[in-house]
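Below, chain A is the first sequence line, B the second, and so on; all start at residue 1.
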There are 2 protein chains.
Amino acid sequence: MNRFVTFTPGVYSYRTMSAEKRGPATVKQVAAMAGVSPTVVSRVLHGKAAGIRVSEQTAIRVREAAKTLGYRRNALAGSLRDRKTMMLGVIHGVDDSRARFSGESRYFAALMDGIVDGAFEHGYSVTLCPKLQGQGIEDAMSDGRFDGLIWYRSTTLPEEKRIIQESTLPLVVIHDPAPAEGGNVAGVQCDNEQGIGIAIDHLLGLGHTKIGFAIESVYLVGEGVLRRDAFLAVAKRKGIPDPENQLVYFNSPSELVPTIKSKGLTAVICWNDATAATVLRTVQQNGLRVPEELSIIGFDSTIFCDTLTPPLTSVAQPLETMGMEAAKALVGLIENPVEKSFNIVLPCGLDIRGSTAKV
Amino acid sequence: MNRFVTFTPGVYSYRTMSAEKRGPATVKQVAAMAGVSPTVVSRVLHGKAAGIRVSEQTAIRVREAAKTLGYRRNALAGSLRDRKTMMLGVIHGVDDSRARFSGESRYFAALMDGIVDGAFEHGYSVTLCPKLQGQGIEDAMSDGRFDGLIWYRSTTLPEEKRIIQESTLPLVVIHDPAPAEGGNVAGVQCDNEQGIGIAIDHLLGLGHTKIGFAIESVYLVGEGVLRRDAFLAVAKRKGIPDPENQLVYFNSPSELVPTIKSKGLTAVICWNDATAATVLRTVQQNGLRVPEELSIIGFDSTIFCDTLTPPLTSVAQPLETMGMEAAKALVGLIENPVEKSFNIVLPCGLDIRGSTAKV
DNA sequence: TTGAAAGCGCTAACAT
DNA sequence: ATGTTAGCGCTTTCAA
């Protein structure tokens, strides 16, 4: 029995198919109206130009029917069949809350601008997934909705490492390096060492030699450790004597001024802007003038650098570029899977504001 | 013939089904392993507690098989069948380019924070759709991927009005009112009249009576018109004489100072922050001191208000709230469609900075 | 309590 | 050049 009851050539009984269909017309309906099979409709409307093999006459009838019926391709059905959704998922849990676009830090906003630009350029949509709503990352990884995932994270839990390694989906991790094991994962990071390097160069150029690196002990994980190690490596390379002794670890701001004075520092690089703001406020409260008596450099160049007095000189991550590269790398992994994971490391800039001066 | 070759009870020959399956296991595979039909698996794993009707024994076997196989529900397949995706689309074309998260204006960033919070709260994901990549809004409306759409727009083309009216999908328009005709559409706007109202009250409180409203002629469309009309209405209501004559339309900044002086204005409300910045710069260049000789108020309270000298007093839209309300309204329309369109109008605040002072 | 069948909309593979 | 079949993974009848 012919399932397409309306196929009798020339007889357009498509109206009988389903008087009250919600939503847009389907290939089946267009086929009925044009008096052809759904296959032909699919070929005319979506087939790659190469192997269409449909008579021009038929094609015209099909296109007309499609137009009349207001046909739109159902992307969901196509995706299910082709296992291709043209959607990238962004997981953006940071600790226990989601990253925010607005607020003190332009971090996530700039990153997303890059991601979206990169994705759109290749025709992919970008979806923000609720991480904490029962939809864990492992669900997002395997519920079929995404061709690939971007994971913006600031901490590395062991549990997460495992998930990343076992991912079956192309994955880009922003901030952390991709795990050495496991394929089809890319990492995108800024070059902490180079970033600390330009900060130190800037200070050396201003005549400083007693340059410290400040970080709350509690932040000695993840990025904090990376930047501290970067400081040690670069300082050593630049010939700064005994950099280990220039480290300013602290638990409470009250420890800052004594430590800075006892080490005789004239400049402090802080592991991020928030810490720099703390240092700035604290030393000022203790009567030290910035930048006259102490130069301070932050890291991240968040938007509130401008709101401090004096405005904070800070190392700037190329956030938008990082987002863009992440999206591009992900599209690459999707379209050309690779065996080995790899990392993309991007150079930082230095936004010189008012918190640094000649010694 | 039994399609489920492995159904012989107790015989777990699921391995024969498909030795090399990419991606996660399916209900079929779990069924084979547990020695039941896919129907039962679906019922155990996803069925609403009410009508499950499966023996506890079987249920346990199914759950174990699911765990062993690492089963994950394929959201795509479910969505296709149920016509429910739990995804909201965000169209954010502004003129010819997409809205940006970072940059001078926190506009879109704050809006998105609200949208995402609102959506996540109800378990919906949020997808940013490329508007200009051949995927017009009409495609997004009917490709089956979204349960509803949020359209963030700053201009109103007639063509777009038509699309909105004819939308078959629940739709929320941010910025413009929902068209009177056509159902299941909501509009979200800030209360321009109330916003202008608090600006005027602030100025009246400072002793000003010669209060103008400035806008480039070219912006006398959409929101610009709404705010001008709001100014006229409020000014009239507050008893400011002849408000029509306090309007400062201009094509070039050079027209500003002569107009302001000829009208004898002591304060100017500008239709948005960018225009306010132009007015500020121009009058200062002409030797007028702000706020001593002229008070200036902007509209939108964008982040660069703080970077001007003096910092700009400005009417603030409740952007995050607007986004949140938009998402909630959309979820409402999805889950409980309404016949008539409606609008949500939210009150503005006034961020008082340094550009206003006693007359 | 459990299973078979059917179909969401699409298209590649295989006829004709 | 065009049509039939089958199946992506899921779940809701309906039947046993």
statement: One would report the end-axis bend of the helix from C:dT1-D:dA16 to C:dT16-D:dA1, five pairs per end and rounded to 10 degrees, as 50°

Send over the distance from [X] [atom1] to [N] [atom2], rounded to a whole Å.
X	N	atom1	atom2	result
A:Arg83	D:dG7	CZ	P	13 Å
B:Gln57	C:dT1	CD	C1'	12 Å
A:Lys28	D:dA6	NZ	C1'	14 Å
A:Met86	C:dC10	CE	P	18 Å
B:Leu80	D:dT11	CG	P	12 Å
B:Leu76	C:dC10	CG	C1'	12 Å
B:Lys84	D:dT11	NZ	C1'	16 Å
B:Gln29	D:dG9	CD	P	8 Å

Does [Y] offer a backbone N or O that forms a donor-acceptor pair with the side chain of [X] under 3.5 Å?
X	Y	answer
B:Gln29	B:Thr26	yes
A:Asp143	B:Ala75	no
B:Arg98	A:Asp113	yes

query: What distance separates A:Leu128 CG from A:Leu88 CG, expressed to the nearest 0.5 Å?
result: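 Taking CG in A:Leu128 and CG in A:Leu88, the distance rounds to 11.0 Å.
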
- line: When rounded to the nearest 0.5 Å, the distance separating OG of A:Ser125 from CZ of A:Arg145 is 13.0 Å

task: Please list, chain by chain and in numerical order, all residues satisfying ring-ring contact (aromatic ring centres under 6.0 Å, His included) with B:Phe108, sequence neighbours excluded.
output: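 Here the qualifying residues are B:His92, B:Phe101, B:Tyr152.
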
query: Considering residues at least two apart in sequence or located in another chain, which fulfil the side chain to side chain donor-acceptor pair (under 3.5 Å) criterion with B:Asn343?
result: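 Here the qualifying residues are B:Gln189.
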
message: Applying side chain to side chain donor-acceptor pair (under 3.5 Å), can you list everything that pairs with B:Ser55, at least two apart in sequence or on another chain?
response: B:Thr58

Protein N or O to nucleotides 11-14 of chain C N or O, pairs below 3.5 Å:
{"from": "C:dT11", "atom 1": "OP1", "to": "A:Arg73", "atom 2": "NE", "distance (Å)": "3.1"}
{"from": "C:dT11", "atom 1": "OP1", "to": "A:Arg73", "atom 2": "NH2", "distance (Å)": "3.3"}
{"from": "C:dT11", "atom 1": "OP2", "to": "A:Ser42", "atom 2": "OG", "distance (Å)": "2.7"}
{"from": "C:dT11", "atom 1": "O5'", "to": "A:Ser42", "atom 2": "OG", "distance (Å)": "3.3"}
{"from": "C:dT11", "atom 1": "O4'", "to": "A:Arg81", "atom 2": "NE", "distance (Å)": "3.2"}
{"from": "C:dT11", "atom 1": "O2", "to": "A:Arg81", "atom 2": "NE", "distance (Å)": "3.0"}
{"from": "C:dT11", "atom 1": "O2", "to": "A:Arg81", "atom 2": "NH2", "distance (Å)": "3.2"}
{"from": "C:dA12", "atom 1": "O4'", "to": "A:Arg81", "atom 2": "NH2", "distance (Å)": "2.8"}

message: Nearest to the A:Ser37 side chain among D:dG3, C:dT2, C:dG9, which nucleotide is it?
response: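 Nearest nucleotide to the side chain: D:dG3.
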
message: Test of understanding: with side chain to side chain contact (heavy atoms under 4.5 Å, CB included), list the residues that count as partners of A:Ser79, not counting sequence neighbours.
response: A:Thr85, B:Leu76

query: So what does A:Thr58 hit on the nucleic acid, given a heavy-atom distance under 4.0 Å: a base, only sugar-phosphate, or nothing?
result: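 Sugar-phosphate: the residue A:Thr58, judged by heavy atoms under 4.0 Å, touches backbone atoms but no base.
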
message: If you assign each of B:Ala77 and B:Ser55 to its closest nucleotide in DNA chain C, which residue comes earlier from the 5' end?
response: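 Nearest nucleotide further toward 5': that of B:Ser55.
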
